Amino acid sequence: MKKYSNTGSKDTRSGFGAGMTELGKTNENVVALCADLIGSLKLDEFIKNHPERFFQIGIAEANMIGIAAGLTIGGKIPFTGTFANFSTGRVYDQIRQSVAYSDKNVKICASHAGLTLGEDGATHQILEDIGLMKMLPGMTVINPCDFNQTKAATIAIADHHGPVYLRFGRPVVPNFMPADEPFIIGKAIMLTEGSDVTIVATGHLVWEALQAAEALEAKGIKAEVINIHTIKPLDEEAILQSLSKTRCIVTAEEHNIIGGLGESVSRVLALKDPVPQEFVAVNDSFGESGTPEQLMQKYKLNSAAIVEAVDRVLKRK
């Protein structure tokens, strides 16, 4: 098994930008649309190299989704870009009607997701976007963990036919997934093997789960850590196979406890293998202004919170 270690911190939105730059060279059907946030979405290089394949829509997100749906009819693969709050909550009707219901090949790419948007506060820190998107029939939902994985995911979804929600963030976070790690939609990645507890994490919480596993090892607890980059379709086989050894699970995500990865896992457990589960997530509240570090600490979305959740679930095992 590979050893995963921090090779330098980067923001995941830059991984999206790097992926778009690569797609610009390799897939002439890829086009980009943006709602007046070119710098925030790191699209500068794509626009510089392919100005004819970029559409600046302005602060008109609903219109952006409609235009993207129309572009697919001519064989284009549109990638829309804005903040996660505006990519989902503001335009849910357009996504439902024009993209999901119509099975349009639109890639909805959302930056600044979750609490780690930071100082902009609750109005921008959407914590229910995964739930909104996963409930739409036919929608693939992807939440990569670092720069390398976000770049790989961006490239991979261009070859996937159908609507995709790709979620990434603003803060600088550890970059630990190998650049050559294959990105297979719907296929989880086991990071560490263990026999005492399964930890499944997504997005920024994957690195925290690895840190938690190290702390648990020092206590004599062997944790199996799984990177769930694709929340829908969920890799049920990987989860159930791990649970056949550990018999308990902790889910960790930067999202509302309602509607996210944890609930998707709960459904699998209820139907196929009921074992104890504990959740690391925002406990059904809005966020607030603060640095990403302060917010992750206050809302208990870090390695210490994962260790505490493991202690709780082991008592129920």
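Only a predicted model underlies this, so the values are computations on that prediction, with no experimental measurement involved.
- Cation-pi geometry between R13 and F16 is not satisfied (NZ or CZ under 6.0 Å from the ring centre, within 45° of the ring normal).
- At a cut-off of 3.5 Å, with distance as the only test, a side-chain donor of T198 or T246 sits close to an acceptor on the other residue.
- When side chains are defined from C-beta on, T80 counts as touching V106, because their heavy atoms get closer than 4.5 Å.
- Nearest approach of A32 to F46, heavy atoms of both residues: CB-CE2, 3.7 Å.
- Under a 3.5 Å cut-off, the side chain of T154 and the backbone N or O of M20 do not form any donor-acceptor pair.
- Under 4.0 Å is where a charged nitrogen must lie from a carboxylate oxygen, and between E193 and K245 no such pair does.
- Within the model, atoms OG1 of T150 and CD1 of I155 stand 11.0 Å from one another, a figure rounded to the nearest 0.5 Å.
- Side chains of I130 and R167 form a contact here, defined as non-hydrogen atoms less than 4.5 Å apart.
- Heavy-atom neighbours of E217 CD from other residues, nucleotides or ligands within 6.0 Å: at or below the threshold of 12.
- When atom types are taken as modelled, the side chain of N256 and the backbone of D284 share a donor-acceptor pair closer than 3.5 angstrom.
- Hydrophobic clustering keeps I108 apart from L37 (ILVMFWY residues linked when any side-chain heavy atoms are closer than 4.5 Å, directly or through intermediates).
- With a 6.0 Å radius and a threshold of 12 heavy atoms from other residues, nucleotides or ligands, E22 has its CD atom above the threshold.
- Cluster annotation: L127 and I306 are assigned to the same hydrophobic cluster (Ile/Leu/Val/Met/Phe/Trp/Tyr, side-chain heavy-atom contacts under 4.5 Å, transitive).
- Atom CZ of R170 and atom CZ of F83 lie 7.0 Å apart (nearest 0.5 Å).
- One distance of note links CG of D93 with OG of S98; it measures 7.5 Å at 0.5 Å rounding.
- Without hydrogens or angle criteria, E253 side chain to G262 main chain gives a donor-acceptor distance under 3.5 Å.
- When only modelled atom types and interatomic distance are considered, N27 and K25 share no side-chain donor-acceptor pair under 3.5 Å.
- Taking the side chain as every heavy atom from C-beta outward, F176 and V206 approach each other to under 4.5 Å.
- Rounding to the nearest 0.5 Å gives a distance of 7.5 Å between OG1 of T82 and CZ of R90.
- Between F286 and Q125 the shortest side-chain heavy-atom distance does not fall below 4.5 Å.
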Applying side chain to side chain contact (heavy atoms under 4.5 Å, CB included), run through S242 and I226 and close with a yes or a no.
-> CA-CA 9 Å; S242 179; I226 301 176; 3.8 Å; yes
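- Between the side chains of K232 and S264, not a single donor N or O lies within less than 3.5 Å of an accepting N or O.
- Ring pair H112/F168: centre-to-centre distance not below 6.0 Å.
- Salt-bridge formation is not detected for the pair R53/E28: no Lys NZ or Arg NE/NH1/NH2 atom is positioned less than 4.0 Å from an Asp or Glu carboxylate oxygen.
- Other residues, nucleotides and ligands place more than 12 heavy atoms under 6.0 Å from the CD atom of Q56.
- Between Y4 and N227, the side chains place no donor N or O within less than 3.5 Å of an acceptor N or O (distance only, hydrogens not considered).
- Taking 4.5 Å as the limit, every side-chain heavy atom of F279 sits out of range of all side-chain heavy atoms of V250.
- Rounding to the nearest 0.5 angstrom, the gap separating the CZ atom in F54 from the CG atom in L33 is 7.5 Å.
- Atoms CG and CG, on N85 and D120 in that order, are 10.5 Å from each other to the nearest 0.5 Å.
- For R247, the CZ atom sits in a packed shell: over 12 heavy atoms of surrounding residues, nucleotides or ligands are nearer than 6.0 Å.
- Around the CZ atom of R267, the shell of radius 6.0 Å holds no more than 12 heavy atoms that belong to other residues, nucleotides or ligands.
- For the 3.5 Å distance criterion, the side chains of Q97 and S102 fail to qualify, holding no donor opposite an acceptor.
- A donor atom on one side chain and an acceptor atom on the other are found under 3.5 Å apart for E254 and T116.
- Other residues, nucleotides and ligands place no more than 12 heavy atoms under 6.0 Å from the CD atom of E237.
- The side-chain heavy atoms of M190 and V225, taken from C-beta on, include no pair separated by under 4.5 Å.
- Across all their heavy atoms, Q149 and D146 have their closest contact at N-OD1, 2.8 Å.
- Note on V200: it does not cluster hydrophobically with I189, by side-chain heavy-atom contacts below 4.5 Å among ILVMFWY residues.
- Cluster annotation: M64 is not connected to Y92 through the hydrophobic network of ILVMFWY side chains, with a link wherever side-chain heavy atoms come within less than 4.5 Å.
- A donor-acceptor pair under 3.5 Å is formed between the side chain of D235 and the backbone N or O of A188.
- No more than 12 heavy atoms of other residues, nucleotides or ligands lie within 6.0 Å of NZ in K272, so this atom counts as exposed by the packing criterion.
- Side-chain atoms of K134 come within 3.5 Å of backbone N or O of G259 as a donor-acceptor pair.
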Audit row: V31, I77, side chain to side chain contact (heavy atoms under 4.5 Å, CB included) steps and yes/no: CA-CA 6 Å; V31 297; I77 307 172; over 6 Å; no
- request: For the pair M177 and C145, evaluate side chain to side chain contact (heavy atoms under 4.5 Å, CB included) and give the outcome as yes or no after the intermediate values.
  value: CA-CA 8 Å; M177 295 297 293; C145 63; 3.5 Å; yes
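- A side-chain N or O of N143 and one of T202 form a donor-acceptor pair less than 3.5 Å apart.
- The shortest distance between side-chain heavy atoms of L216 and I199 falls below 4.5 Å.
- N175 and N148 get closest at one heavy-atom pair: OD1-N, 3.0 Å.
- In terms of heavy-atom proximity, L243 sits nearest to C248 at CD2-O, 3.5 Å.
- Closest non-hydrogen pair, L261 versus A201, comes out as CD2-C, 4.2 Å.
- Remark: the backbone N or O of L269 is not paired with any side-chain donor or acceptor of D273 at under 3.5 angstrom.
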List the steps and the verdict of side chain to side chain donor-acceptor pair (under 3.5 Å) for E61 and S87.
CA-CA 7 Å; E61 293 87 357; S87 287; over 6 Å; no
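- T251 has its side chain out of reach of V280: every pair of non-hydrogen atoms, C-beta onward, lies at least 4.5 Å apart.
- For the residue pair Q294 and Y299, no side-chain donor N or O sits within less than 3.5 Å of a side-chain acceptor on the partner.
- Cluster membership check: L205 shares its hydrophobic cluster with V197, using side-chain heavy-atom separations under 4.5 Å among Ile, Leu, Val, Met, Phe, Trp and Tyr.
- In this structure, a donor-acceptor pair under 3.5 Å is present between the side chains of N302 and Q297.
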- request: Run the numbers on E278 and V310 for side chain to side chain contact (heavy atoms under 4.5 Å, CB included), then give the verdict.
  value: CA-CA 7 Å; E278 289 288 336; V310 168; over 6 Å; no
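- Of all the heavy atoms in N105 and G162, the pair that sits closest is OD1-N, 2.9 Å.
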